[in-house]
Peer 1: 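First the structure, then my questions, so here it is.
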Amino acid sequence: MEEEREALAADWADICVGLRKDLGQQLYGQWIRPVELGNFCRETGTLDLYLPTEFSANWVNDRFADRLSLAWKIARSEVRNVRISVHPGRRKLPDIHVGPAAANDHTPQPTNPADAIAELGSAGLDPSLTFATFVTGEGNVLAYNAAQRMAASETPQFSPLYLKAATGQGKTHLLHAIGHQFAAAKPGSRIFYCSAERFMVEFVQALRQNQMIEFKSRLRGFDMLLVDDIQFIIGKASAQEELLYTIDALLAEGKRLGFAADRAPQALDGVEPRLLSRLSMGLVADIQAADIDLRRKILEHRLTRFTSNDVPDDVIEFLARTISRNVRELVGGLNKLIAYAQLTGQPVSLNLAEEQLTDILSANRRRITIDEIQRTVCQFYRLDRSEMASKRRARAVVRPRQVAMYLAKVLTPRSYPEIGRKFGGRDHSTVIHAVRLIEDLRARDADMDGDVRSLLRQLES
């Protein structure tokens with residue numbers, strides 16, 4: 001048992017070297033350094049990784065779970081799952097060590113929540129989440145422009161700014177970008193970014209330690225307040241009241257405020273009416289789900305961050321079409337695919353994407369069937385359904401049949417032989433030929449590309 005613990009510790013040390021290079025010293029020191037190895041169950045292949053607080057465990061789980069899981073699978077094949085949770089022997093309080101203090105283990109840390117907030121400043125912002133790394137499209141351009149206005153040196157026309165979006169669509173990215181841009185426009189400004197959960201926990205901690213005066217004075221000394229996931233403050237009457245007073249105090253002094261949530265202010269149940277009116281009084285900017293064009297742009301932009309970005313166009317198209325629930329999953333899928341390819345020496349391909357991203361793809365795929373594809377293609381080209389399995393080789397029949405085979409491969413998890421059987425028992429090589437032919441025609445023939453795009457929209461709607 002002791003030997004296994006030592007071996008796991010050695011592997012973790014190697015993994016940490018790579019993470020430190022990839023993430024940079026600040027992010028690594030703030031979030032990965034506190035991770036402790038827990039138990040390893042050989043029967044299930046599950047390794048526990050512990051963090052000292054619920055806040056940090058959730059943060060690491062949301063942003064680094066896939067990366068940590070992949071790193072462990074490569075370092076030690078028997079580790080099949082990584083479980084990130086709070087250390088069972090620790091209190092579930094928020095992390096206080098951020099910014100410069102996180103990079104140096106010997107730097108004294110704040111001992112109370114009031115001092116913690118004083119130390120936070122703009123250091124709580126993720127350096128990778130800037131306007132330069134945010135990709136715009138039709139569904140998010142309003143929120144993007146509003147966020148830039150909020151961050152500009154000139155006084156904004158509205159405050160607060162309320163960003164509303166479903167999970168993983170970019171609202172947190174914009175909040176961080178606002179903070180970075182404002183800090184650059186007004187050097188020396190004091191910026192506080194936190195989640196609503198963290199605000200509540202620190203508020204309760206200050207209340208218990210009789211430090212509310214210090215908590216209030218320091219919190220209201222910031223030039224910009226950015227609160228994420230505001231929906232989680234629901235039902236906490238005392239925290240709501242304190243946030244309300246803080247908003248009023250900051251607005252009265254011309255300070256800037258930004259909030260983000262997964263629903264509109266009017267849809268927040270359990271929020272005090274006065275707080276609801278403050279959240280709604282500025283600009284409520286909605287971020288729509290990324291359409292396929294934006295998802296393509298996001299993937300292409302993300303590829304520029306890799307030194308080796310040899311990802312075929314068909315893989316980008318496949319990911320953009322298949323991973324549609326949210327942008328975070330989309331980018332996470334691309335990161336995982338490239339990391340796996342680089343670490344194993346395999347080329348990125350459509351087959352590799354299907355093999356390694358099974359969980360993400362299955363969660364995003366609407367269960368489109370080959371029968372549904374055949375019906376839709378026959379209606380589009382005005383053919384009888386029986387032609388999909390017939391032996392006729394007239395061009396007016398063969399080309400729609402090939403399109404249907406192509407769509408079956410793109411939109412379903414079926415193998416080439418399985419697809420061939422649904423088209424009159426054809427050989428898998430016939431399906432492969434059809435898929436490659438349609439891919440080639442789409443690149444050369446605008447009419448064919450238009451037909452396929454129209455069929456994809458019908459099938460995915």
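Side-chain atoms are counted along with the backbone in the values below, which use heavy atoms only and exclude waters and symmetry mates. Numbering starts at 1 and runs along the sequence shown. None of the values given here were measured: they were computed from a predicted structure.
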Peer 1: Is there a side-chain contact (heavy atoms from CB on, under 4.5 Å) between Val452 and Met448? Walk through the geometry before answering.
Peer 2: CA-CA 6 Å; Val452 173; Met448 174 56 69; 4.0 Å; yes
Peer 1: Kindly indicate, with the supporting measurements, whether the criterion side-chain contact (heavy atoms from CB on, under 4.5 Å) is fulfilled by Ile247 and Leu275.
Peer 2: CA-CA 9 Å; Ile247 291 172; Leu275 178 57; 3.8 Å; yes
Peer 1: What heavy-atom pair brings Val311 and Leu303 nearest, and what distance separates the two atoms?
Peer 2: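 The pair with the smallest heavy-atom distance is CG2-CD2, 3.5 Å.
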Peer 1: Regarding Asp126 and Tyr193, do their side chains bring together a donor and an acceptor under 3.5 Å, going by distance alone?
Peer 2: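 Asp126 vs Tyr193: no donor-acceptor pair found between side chains.
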Peer 1: With heavy-atom distances below 4.5 Å as the criterion, would you say the side chains of Gln148 and Gln181 are in contact?
Peer 2: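 Not touching, per the 4.5 Å side-chain cut-off.
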Peer 1: For Thr44, is there any backbone N or O sitting under 3.5 Å from a side-chain donor or acceptor partner on Arg80?
Peer 2: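 Yes, Arg80 side chain to Thr44 backbone: donor-acceptor pair under 3.5 Å.
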Peer 1: Please report the closest heavy-atom contact between Thr167 and Arg328, naming both atoms and the distance.
Peer 2: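 Reported closest heavy-atom pair: CG2-NH1, 3.7 Å.
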Peer 1: For Gln346, does the CD atom have more than 12 heavy-atom neighbours from other residues, nucleotides or ligands under 6.0 Å away?
Peer 2: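 Count over threshold, so yes.
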Peer 1: Do you know the tightest heavy-atom contact between Gly38 and Tyr50?
Peer 2: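 Minimum heavy-atom contact is CA-CE1, 3.5 Å.
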Peer 1: In sequence, state the C-alpha distance, the side-chain angles, and the governing distance for Asp451 and Val403, and then conclude on side-chain contact (heavy atoms from CB on, under 4.5 Å).
Peer 2: CA-CA 9 Å; Asp451 286 355; Val403 169; over 6 Å; no
Peer 1: Around Asp313, counting heavy atoms of other residues, nucleotides and ligands shown, do more than 12 lie under 6.0 Å from its CG?
Peer 2: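 Open: at most 12 neighbouring heavy atoms sit under 6.0 Å from CG of Asp313.
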Peer 1: Can you name the residues that form a side-chain hydrogen bond (donor to acceptor under 3.5 Å, both in side chains) with Arg83, not counting sequence neighbours?
Peer 2: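 Partners of Arg83 by the side-chain hydrogen bond (donor to acceptor under 3.5 Å, both in side chains) criterion, ordered by chain and then number, come out as Asp48.
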Peer 1: Table please: side-chain donor-acceptor pairs of residues 417-426 below 3.5 Å, with sequence neighbours left out.
Peer 2:
{"from": "Glu418", "atom 1": "OE1", "to": "Ser415", "atom 2": "N", "distance (Å)": "2.8"}
{"from": "Glu418", "atom 1": "OE1", "to": "Ser415", "atom 2": "OG", "distance (Å)": "3.2"}
{"from": "Lys422", "atom 1": "NZ", "to": "Asp371", "atom 2": "OD1", "distance (Å)": "3.2"}
{"from": "Arg426", "atom 1": "NH1", "to": "Ser390", "atom 2": "O", "distance (Å)": "3.4"}
{"from": "Arg426", "atom 1": "NH1", "to": "Phe423", "atom 2": "O", "distance (Å)": "2.6"}
{"from": "Arg426", "atom 1": "NH2", "to": "Ser390", "atom 2": "O", "distance (Å)": "2.4"}

Peer 1: Please name the pair of heavy atoms, one in Ser195 and one in Val227, separated by the smallest distance, quoted to 0.1 Å.
Peer 2: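 Residues Ser195 and Val227, closest heavy atoms: C-CG1, 4.2 Å.
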Peer 1: Would a distance-only check, ignoring hydrogens and angles, find a side-chain to backbone donor-acceptor pair under 3.5 Å from Ser324 to Ala320?
Peer 2: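 Checked: no pair found.
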Peer 1: Under 4.5 Å between any side-chain heavy atoms of Leu352 and Leu337, yes or no?
Peer 2: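 Yes, at least one pair of side-chain atoms sits under 4.5 Å.
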Peer 1: I'd like to know whether CZ of Arg321 has more than 12 heavy-atom contacts from other residues, nucleotides or ligands below 6.0 angstrom.
Peer 2: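 Yes, the 6.0 Å shell around CZ holds more than 12 heavy atoms from other groups.
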Peer 1: Quiz question: by atom type and distance under 3.5 Å, do the side chains of Asp228 and Thr172 form a donor-acceptor pair?
Peer 2: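 The answer is yes; a qualifying pair exists.
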Peer 1: Below 4.5 Å, heavy atoms only, C-beta onward: do Leu51 and Val35 meet side chain to side chain?
Peer 2: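 Yes; the side chains approach each other to less than 4.5 Å.
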Peer 1: Does the side chain of Ile438 reach to within under 4.5 Å of the side chain of Met405, using non-hydrogen atoms?
Peer 2: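 Not touching, per the 4.5 Å side-chain cut-off.
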Peer 1: Could you state the interatomic distance from SG (Cys378) to CE (Met388), rounded to the nearest 0.5 Å?
Peer 2: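 Rounded to the nearest 0.5 Å, the SG-CE separation comes to 4.0 Å.
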Peer 1: Quick one: does any side-chain atom of Thr133 pair with a main-chain N or O of Thr130 as donor and acceptor, under 3.5 Å?
Peer 2: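 Flag set: sc Thr133 to bb Thr130 pair under 3.5 Å.
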Peer 1: Before you tell me yes or no, could you show the steps for Val60 and Leu68 under side-chain contact (heavy atoms from CB on, under 4.5 Å), namely the whole-Å CA-CA distance, both residues' side-chain angles and the distance that decides it to 0.1 Å?
Peer 2: CA-CA 9 Å; Val60 171; Leu68 288 170; 3.9 Å; yes
Peer 1: Please check if the side chain of Arg278 supplies one atom and the backbone of Arg274 the other of a donor-acceptor pair under 3.5 Å.
Peer 2: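 Present.
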Peer 1: Where do Gly170 and Phe134 come nearest, in terms of heavy atoms and distance?
Peer 2: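 Nearest pair, atom of Gly170 first, then Phe134: O-CE1, 3.7 Å.
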Peer 1: Taking the side chain as everything from C-beta on, heavy atoms only, tell me whether Trp72 gets closer than 4.5 Å to Leu8.
Peer 2: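 In short, these two side chains touch, coming nearer than 4.5 Å.
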Peer 1: In Å, rounded to the nearest 0.5 Å, how long is the span from CG of Leu350 to CD of Glu439?
Peer 2: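 The CG atom of Leu350 sits 7.5 Å away from the CD atom of Glu439.
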Peer 1: For Arg385, does the CZ atom sit with more than 12 other heavy atoms under 6.0 Å from it, leaving out its own atoms?
Peer 2: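 Correct, the count exceeds 12.
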Peer 1: Please confirm whether the backbone N or O of Lys409 pairs with a side-chain atom of Thr412, one donor and one acceptor, at under 3.5 Å?
Peer 2: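 Not at all, since once roles are kept as given, no pair shorter than 3.5 Å links the two residues.
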Peer 1: Rounded to the nearest 0.5 Å, how far does CG of Leu47 lie from CG of Leu37?
Peer 2: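 So the CG of Leu37 and the CG of Leu47 are separated by 6.0 Å.
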Peer 1: Can you find a heavy atom in the side chain of His173 that is under 4.5 Å from one in the side chain of Val327?
Peer 2: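 No, side chains not in contact.
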Peer 1: Less than 4.5 Å apart, any side-chain heavy atom of Leu19 and any of Trp31?
Peer 2: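 No, side chains not in contact.
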Peer 1: Is there a donor-acceptor contact under 3.5 Å from the side chain of Asp286 to the main chain of Leu142?
Peer 2: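 Judged by distance alone, no pair lies under 3.5 Å.
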Peer 1: Please list, chain by chain and in numerical order, all residues satisfying side-chain hydrogen bond (donor to acceptor under 3.5 Å, both in side chains) with Arg453, sequence neighbours excluded.
Peer 2: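 Per chain and number, Arg453 pairs via side-chain hydrogen bond (donor to acceptor under 3.5 Å, both in side chains) with Asp449.
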Peer 1: Any donor and acceptor pair, going by atom type alone, linking the side chain of Gln169 with main-chain N or O of Ile287 inside 3.5 Å?
Peer 2: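 Between the backbone of Ile287 and the side chain of Gln169 there is no qualifying donor-acceptor contact (under 3.5 Å).
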Peer 1: Could you state the interatomic distance from CD (Glu329) to OG1 (Thr322), rounded to the nearest 0.5 Å?
Peer 2: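 Reported to 0.5 Å precision, the distance equals 12.0 Å.
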Peer 1: Would you call the rings of Phe203 and Phe199 parallel, tilted or perpendicular if under 30° counts as parallel and over 60° as perpendicular?
Peer 2: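 Parallel, since the angle between the ring planes stays under 30°.
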Peer 1: Return yes if some donor-acceptor pair links the side-chain N/O of Asp291 with the main-chain N/O of Leu294 below 3.5 Å, else return no.
Peer 2: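 Yes: the side chain of Asp291 pairs with the backbone of Leu294.
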Peer 1: Quick check: does any side chain N or O of Ser454 sit under 3.5 Å from a backbone N or O of Gly450, one acting as donor and the other as acceptor?
Peer 2: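 Not a single qualifying donor-acceptor pair exists.
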Peer 1: Report the residues that fulfil side-chain hydrogen bond (donor to acceptor under 3.5 Å, both in side chains) with Tyr406, sequence neighbours left out, ordered by chain and then residue number.
Peer 2: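 side-chain hydrogen bond (donor to acceptor under 3.5 Å, both in side chains) check on Tyr406 returns Arg442.
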Peer 1: Decide, yes or no, whether a salt bridge links Glu300 with Arg296 under the criterion of side-chain N to carboxylate O below 4.0 Å.
Peer 2: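 Looking at Glu300 and Arg296, the cut-off is not met.
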Peer 1: Under 6.0 Å from the CD atom of Gln157, do we count more than 12 heavy atoms belonging to anything else shown?
Peer 2: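 No, not enclosed.
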Peer 1: With sequence neighbours left out, write down each residue that passes side-chain hydrogen bond (donor to acceptor under 3.5 Å, both in side chains) with Gln402, or none if nothing qualifies.
Peer 2: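 By the side-chain hydrogen bond (donor to acceptor under 3.5 Å, both in side chains) rule, Gln402 matches Arg399.
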Peer 1: Do you know the tightest heavy-atom contact between Leu161 and Ala285?
Peer 2: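 For Leu161 versus Ala285, the nearest heavy atoms are CD1-CB, 4.3 Å.
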Peer 1: Is a donor on one side and an acceptor on the other found under 3.5 Å between the side chain of Asn140 and the backbone of Gly137?
Peer 2: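 Answer holds: yes.
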Peer 1: Does any pair with a residue in residues 331-351 pass salt bridge (charged side-chain N to carboxylate O under 4.0 Å, His left out), and if so which ones, sequence neighbours excluded?
Peer 2: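 Listed by first then second residue: nothing to list.
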Peer 1: So, taking the atom named CZ in Arg76 and the one named CH2 in Trp12, what distance separates them when rounded to the nearest 0.5 Å?
Peer 2: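 Reported value, rounded in 0.5 Å steps: 14.0 Å.
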Peer 1: First locate atom CZ of Arg295, then atom CG of Leu330, and finally report the distance between them rounded to the nearest 0.5 Å.
Peer 2: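 Going from CZ on Arg295 over to CG on Leu330, the span is 7.0 Å.
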Peer 1: Is Ile84 close to Phe64 at the side-chain level, that is, under 4.5 Å between some pair of heavy atoms?
Peer 2: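 When only atoms from C-beta onward are counted, Ile84 and Phe64 do not touch, as no gap falls below 4.5 Å.
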